[in-house]
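I have placed the structure first, in the form of structure tokens, so that the comments after it can refer back to it.
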2 protein chains.
Amino acid sequence: MLNNHAYVSPKTRVIVEKAIKNLNYKPNMLGRNLRRSSTQMILLFLPTISNAFYTKVLEGVEDTARKNNYYILLCETNGNPDIQRFYLNMAKQHLVDGIISMDPSAEDIILNETDQHIPIVQCGEKTNDDRIPYVGIDNVAAGYKATKYLLSIGRDRISFISSSKTYNYDIDRKLGYQQALEEANIPFDPELIEYSDLDFDAGYQTMKNILANNKGINAVFTVGDMIAIGALKAIKDSGLTCPNDIAVVGVDNIPFASMMNPTLTTISQPSYEMGSNAVRMLLNKLNNPELEVKSILLPHELIIRDSTMV
Amino acid sequence: MLNNHAYVSPKTRVIVEKAIKNLNYKPNMLGRNLRRSSTQMILLFLPTISNAFYTKVLEGVEDTARKNNYYILLCETNGNPDIQRFYLNMAKQHLVDGIISMDPSAEDIILNETDQHIPIVQCGEKTNDDRIPYVGIDNVAAGYKATKYLLSIGRDRISFISSSKTYNYDIDRKLGYQQALEEANIPFDPELIEYSDLDFDAGYQTMKNILANNKGINAVFTVGDMIAIGALKAIKDSGLTCPNDIAVVGVDNIPFASMMNPTLTTISQPSYEMGSNAVRMLLNKLNNPELEVKSILLPHELIIRDSTMV
DNA sequence: ATGAAAGCGCTAACAT
DNA sequence: ATGTTAGCGCTTTCAT
């Protein structure tokens, strides 16, 4: 009766409900979990929690999960395979009903070391395996749009700071960058491609290096605002000014982007919606195991701020 | 034998281990959870995940929990009692072994609506109830140190931006501020106390208001870097300069503090250690239920940067 | 409409 | 040193 299973007479209902109140009865979910072999828990793989983009996605995930009576188990991988395995192992032990992964570096391990068919949705990163649906943006279009814009304001030596040669979102943004250059008849110069970790310090160092090697650039497009913010500081510390000497465009539109001086032009990802969609997709999968959940592309937007406005 | 319970002969051990491999046996933890009525899960109450201070603490919590084979269930309350109750309710259903709370606004609900004695540790905020141990810094000393420093560089009209009249950390920092003023024979001016939410936008608006009312201030001390960063921007947007016109000091030393322009002087809290200590305290309590776990004060530090260096 | 009983997978206690 | 069994609290099926 506690699970509205059968028809219950109104009077017994009242009696039972009174008893529940009186005894202050709280069901022990551990029994239910074992019986149903489900836990209402979702494991969330994040590369790092220090990047405000992931934080925003997490908010969408948590909100939506809670509204559907699910809980979020947090796994910050820092790209560390040992940590990925630790959490994957707990998933294999039936402790979670499904996984949402924002960590591109976890896909291989998740796929190859998970024999049990635990439902997975990827968020923010396209998948290489069709068994896993994903939600994200069109990263080729995003890279194209950012680069095209920089070209339109007269910048023709644009450095591209990437964070990985293997992550799809990164590869795609670079592809967009190249397409825009090509369209403008500007030859692609591999010298202008740099790699950086996705944090301030790495962004700072990378930009410092670029400037030290004097490649004559007048703009930078980078795959993440964290890198862009480090770059802004490096430009200033080098005695140059942004945007006059070097314009900067990032991706993600983290809250800090609008607090910087100068404020940062960036491609905005719908982070919260990415999170909530990922949860909805996963719940769909959980409720209809045979259903093939479709991947989703959400819109993105170029937000023009001071770092590109002379 | 799977729980190294009794003496096992080496040969049987080998046999069993081989079988485990062969069958690819993964224990179903739901059975164990029910049996032991524990889940190896810790519920973490955070006011918000958008404040990088909490993010850093979370890293300490997650790392330490994982190293001890515990998992973190994330609850971002946003100060919302409904959300606090939702998660508290799941705690009552035996889904977590303990709670770490960084949310001052959750203490009442946790205490008054939890009859079951679920172990709790508070982190970053002193407790009003001795049943709950906490880990944090000496906030009176922190407020005193920051204010004393501003006085030492010749600032005598110092506005204090608070985030709450009821949170202990906030009250204590204000107390330290007042002590330092008193010591310098500067009368306390209630006009200089302002209240702001702990985010950029609120900090920005609050600072704008302060400037609009022209209280002749030459410095601001605020309880959080998030507010301070908003204030920095407001100062700039108002045509004033920091530190020349107004010096700014925050608290937390979030990573962004050193990326700002100017970089932000702040009181550094040992966020990661606060997180890891909170976990250790909770585990102590879990392992020795009768043991009285002692509260801990960790050291803090004034980090001087450009926002106070003329 | 209500009651009774089996069993989810594990662990701990007990018997061999 | 190994084998057996009861029972954690719930849900579900079957019997009344």
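FYI, side chains are in, hydrogens and waters are out, and symmetry mates aren't considered; it's all heavy atoms of this structure. Proteins get letters first, then strands, A, B, ... in listed order; numbering begins at 1 in each.
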What N/O pairs connect the protein and nucleotides 7-9 of chain C at under 3.5 Å? Give each pair on its own line.
from, atom 1, to, atom 2, distance (Å)
C:dG7, N2, A:Arg35, NH1, 3.4
C:dG9, N2, B:Gly31, O, 3.2

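- Within the structure, no pair that satisfies the salt bridge (charged side-chain N to carboxylate O under 4.0 Å, His left out) test touches residues 274-298 of chain A, not counting sequence neighbours.
- For residues 49-71 of chain B, the ring pair (Phe, Tyr, Trp, His ring centres under 6.0 Å) pairs, not counting sequence neighbours, are A:Phe86-B:Tyr71.
- Under a 4.0 Å N-O distance rule, the pair A:Asp170/A:Lys165 does not qualify as a salt bridge.
- Applying the ring pair (Phe, Tyr, Trp, His ring centres under 6.0 Å) test to every pair with at least one member in residues 274-295 of chain B, sequence neighbours left out, gives no pairs at all.
- One atom, CD of B:Gln93, and another, P of D:dG9, lie 15 Å apart when rounded to the nearest Å.
- Every residue two or more places apart in sequence or in another chain was checked for a side-chain hydrogen bond (donor to acceptor under 3.5 Å, both in side chains) with A:Asn33, and none qualifies.
- The ring-ring contact (aromatic ring centres under 6.0 Å, His included) check on B:Phe256 picks up A:Phe200, A:Phe256, with sequence neighbours excluded.
- Residues satisfying the salt bridge (charged side-chain N to carboxylate O under 4.0 Å, His left out) criterion with A:Asp63, sequence neighbours excluded, are A:Arg66.
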Could you give the side-chain donor-acceptor pairs of residues 128-136 of chain B under 3.5 Å, partners two or more places apart or in another chain?
from, atom 1, to, atom 2, distance (Å)
B:Asn128, OD1, B:Asn168, ND2, 3.1
B:Asp129, OD1, B:Arg131, N, 2.8
B:Asp129, OD1, B:Arg131, NE, 2.9
B:Asp129, OD2, B:Arg131, NE, 3.3
B:Asp129, OD2, B:Arg131, NH2, 2.7

Its dot-bracket string being built from Watson-Crick and G-U pairs below 3.5 Å, with | for another strand and [ ] for crossing, DNA chain D has the pattern ||||||||||||||||
